[in-house]
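Please read the structure below before turning to the comments.
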Number of protein chains: 2
Amino acid sequence: MYRIGELSALYDIKADTLRFYEKHGLLSPSSRSGSGYRLYNQDDSERLKFILRAKAVGFSLNDIADLLSIEVDKSNRACAEVKGLVDTKLEQVEAKLAELQHFATSLKSLSNTCCGGSDSAEHCSILEALESSDQHIIAKKEHHHFSHSGHKD
Amino acid sequence: MYRIGELSALYDIKADTLRFYEKHGLLSPSSRSGSGYRLYNQDDSERLKFILRAKAVGFSLNDIADLLSIEVDKSNRACAEVKGLVDTKLEQVEAKLAELQHFATSLKSLSNTCCGGSDSAEHCSILEALESSDQHIIAKKEHHHFSHSGHKD
DNA sequence: CTTGACCTTGGATTAAACTCTAAGGTTTAT
DNA sequence: ATAAACCTTAGAGTTTAATCCAAGGTCAAG
Ligand SMILES: [Zn+2]
Ligand SMILES: [Zn+2]
Ligand SMILES: [Zn+2]
Ligand SMILES: [Zn+2]
């Protein structure tokens, strides 16, 4: 049995983080001491490990809640569900990756054209590009029309 | 002269966004009507264009405030300042890119090992990897194993 | 018995960039 | 003259993942 300080030290996270995970339904200690202290057992510790590994591959805490709900009822759940979560996350990560790659490309172009000297920025090529939408330097982003069900009357 | 609705329609943003930019010191209308309506002139419109282009290359609104403070006083500022902002942002973008690439790699590995079928997830390789920290599948962030001798960028 | 380390709770704060609401004033067209 | 459309303001809500705080309870050592 671990107290909150012990478990948090074991995984190098803050005790607050464990309380936060508890508040959000990710990990509750299996028992409490007479005076109300949280007591985590080995299973709790394993569950925390699962959470931290899922975080390490890019899942949000909400995703992890979904993953855990499958994990605790594995035999009645399908591989397809698990793989679906992974593939959805992969798509999100790749979309963000594409956006950042576009940023990096534009920023590199901007950086390359500027002398970076201590002379006046009066004719700085970076500022000029931002003023005039130089198509060579600032790639335009595609319009993606995500159908996004946000109806509110 | 544009009223807020006209300018926002022109750039396909919300009127709220223009008020938000004003509150945050990025763009103030050059005048107001007798009844207090915001009136934007051509210079204001150009400034908005600058803001939107800077956003399109990955700058945050705070970065843009810095950029604008240089822009309005170009002749007394140096290229080095501008290039510094771009290079700092590029470093941030590249750091994030590296993290997301790590996520994408791990997620692809996880996805590839799972059958994705409608059979029980009892022995799902994804769940097993998350339970047991399979080093093949979940790359650790602390390890800087970038010996990916992939294609040159 | 007191000190200090540790624990409890709920709530506030952080960062980013909006988005929305409520309650009311203005303009324009019929 | 009235309704629709547009405008004003301050302020709250959204998302993510914590982190910090205050006020107070518990426990081991001296
Ligand atoms: Zn220069
Ligand atoms: Zn320059
Ligand atoms: Zn399977
Ligand atoms: Zn599977």
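No hydrogens, no waters, no symmetry mates; every other heavy atom, side chains included, goes into these values. Just so it is clear, the structure is predicted and the values come from calculations on it, not from any experiment.
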Worksheet item: Do Glu22(B) and Ser28(B) come within less than 4.5 Å of each other through their side chains, counting heavy atoms only?
Response: yes

Worksheet item: Is there side-chain contact between Arg38(A) and Arg32(A), with heavy atoms separated by less than 4.5 Å?
Response: yes

Fill in: Toward the 5' end of DNA chain D, by each residue's nearest nucleotide, Phe20(A) or Ala15(B)
Ala15(B)

Practice prompt. For Asp16(A) and for Gly5(B), find the nucleotide of DNA chain D with the closest heavy atom, then tell me which residue's nucleotide is more 5'.
Written response: Gly5(B)

Just how far, in rounded Å, is [atom2] of [N] from [atom1] of [X]?
X	N	atom1	atom2	result
His24(B)	dA16(C)	NE2	C1'	9 Å
Leu18(A)	dC6(C)	CG	P	16 Å
Ile51(B)	dA16(C)	CD1	P	16 Å
Tyr2(B)	dC7(D)	OH	P	15 Å
Lys14(A)	dC20(D)	NZ	C1'	9 Å
Lys89(B)	dA16(C)	NZ	P	9 Å
Glu6(B)	dT27(C)	CD	C1'	13 Å
Glu99(B)	dA17(D)	CD	P	11 Å

Does [N] have its OP1 or OP2 closer than 4.0 Å to a side-chain nitrogen or oxygen of [X]?
X	N	result
Thr17(B)	dT19(C)	yes
Arg38(B)	dC7(D)	no
Arg3(B)	dT28(C)	no
Lys55(A)	dA18(D)	yes
Arg19(A)	dT8(C)	yes
Ser35(A)	dC7(C)	no
Lys23(A)	dT9(C)	no
Tyr37(A)	dG25(D)	no
Tyr21(A)	dA18(D)	yes
Arg32(A)	dT9(C)	yes

Practice prompt. Could you check which of dT16(D), dT19(C), dC7(D) has an atom nearest any side-chain atom of Ile4(B)?
Written response: dC7(D)

Worksheet item: Rounded to the nearest 0.5 Å, how far apart are CD1 of Ile126(B) and SG of Cys124(B)?
Response: 4.5 Å

Worksheet item: Closest heavy-atom contact between Ser132(B) and Arg53(A)?
Response: N-NH1, 3.5 Å

Worksheet item: Is there a side-chain hydrogen bond (donor to acceptor under 3.5 Å, both in side chains) between Asn112(B) and Ser109(B) once you walk through the steps?
Response: CA-CA 5 Å; Asn112(B) 286 150; Ser109(B) 297; 5.9 Å; no

Practice prompt. Quick one: do Ser8(B) and Tyr2(B) satisfy side-chain hydrogen bond (donor to acceptor under 3.5 Å, both in side chains)? Show the steps, please.
Written response: CA-CA 9 Å; Ser8(B) 66; Tyr2(B) 309 98; over 6 Å; no

Worksheet item: Closest nucleotide of DNA chain C for Leu61(B) versus for Gly34(B): which of these residues is on the 5' side?
Response: Leu61(B)

